[in-house]
Amino acid sequence: MKYHSIAIDGPAASGKSTVAKNLAKTLNYIYIDTGAMYRATTYKAISLGIDLEDQNAYDFLNNTEFVFKDGELYMDNLNMSVLNRLKAVANNVSLVASHKPVRNKLVELQQAIAKQSNVVMDGRDIGTVVLKDADLKIFMIASVEVRAERRFNELNKLGLKHTQTLSELIEDIQRRDDYDSSRAYNPLRQAEDAELIDTSDISIGEVTGLLYEKYISKLKGEI
Ligand code: DC
């Protein structure tokens with residue numbers, strides 16, 4: 001059986017996770033937040049005390065379980081929602097995600113999930129690497145100020161608003177965008193067949209509605 005998939009890529013805090021989560025809920029698809037997998041890997045690497053720079057030190061991924069339940073990631077049965085937002089994780093995740101062995105392992109896991117279920121997947125390389133045949137590919141962008149504000153509100157909701165100020169978030173987002181776009185292996189890039197959506201001036205709710213309609217028309221063969 002061929003399962004359906006939607007790929008949503010874009011820079012940090014462009015609104016892709018919220019849109020992906022809402023779309024998945026509406027369509028009854030599984031939401032896969034691939035950024036959460038890179039963050040959780042970073043959390044585990046820090047906990048184990050490995051040399052984060054050493055790309056060969058990530059063998060622990062062969063004995064690590066990633067499970068998505070209701071849009072939340074559990075790593076080795078540990079709910080990662082709050083742990084993934086820790087500053088130490090944010091500061092190191094781009095480095096960890098630049099390692100080829102880490103990317104190859106996580107991409108393999110992501111593709112295995114998409115072979116078994118309908119998915120909405122968000123990340124940086126979903127349209128270009130993970131789901132090259134996705135039914136719909138979106139590349140979502142927004143101004144850095146709008147994105148920092150969204151991340152700030154997200155942290156607020158998780159009770160973590162004191163971990164980073166707005167200007168620290170702007171710096172962090174810019175630094176990660178530069179790093180993610182310029183890394184040698186599978187950088188953040190818009191797929192040729194992905195549609196560009198700027199969410200600076202439209203609400204996330206509106207974007208979700210727009211994409212839902214686009215996707216349904218596409219499945220019906222109307223576009
Ligand atoms: O979406 P996010 O901010 O939670 O992602 C965290 C980091 O993980 C981001 O800086 C880049 C990396 N990432 C990646 O390289 N490839 C993906 N598919 C998803 C995330």
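Position 1 is the first residue of the sequence, and the numbers go up from there. Both counts, for ligands and for their atoms, begin at 1 and track the order of listing.
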When the ring planes of Tyr58 and His99 are compared, do they come out parallel, tilted or perpendicular, using 30° and 60° as the limits?
-> tilted

Lining ligand 1 at under 4.0 Å, by non-hydrogen atom distance, are residues Lys16, Thr34, Gly35, Tyr38, Arg39, Val93, Ser94, Ala97, Arg103, Gly123, Arg124, Asp125, Arg151, Arg176, Asp180, Arg183

Can you list every side chain to side chain donor-acceptor pair (under 3.5 Å) pair that touches residues 144-153, not counting sequence neighbours?
-> Arg147-Asp177, Arg150-Thr199, Arg151-Glu154

Hey, is CD on Glu171 packed in by over 12 heavy atoms from elsewhere, all under 6.0 Å?
-> no

Are more than 12 heavy atoms from other residues, nucleotides or ligands located less than 6.0 Å from atom CG of Asn77?
-> no

Grouping ILVMFWY residues whenever side-chain heavy atoms fall under 4.5 Å, the cluster of Ile170 otherwise contains Val144, Ile173

Grouping ILVMFWY residues whenever side-chain heavy atoms fall under 4.5 Å, the cluster of Phe139 otherwise contains Ile141, Leu188, Leu196

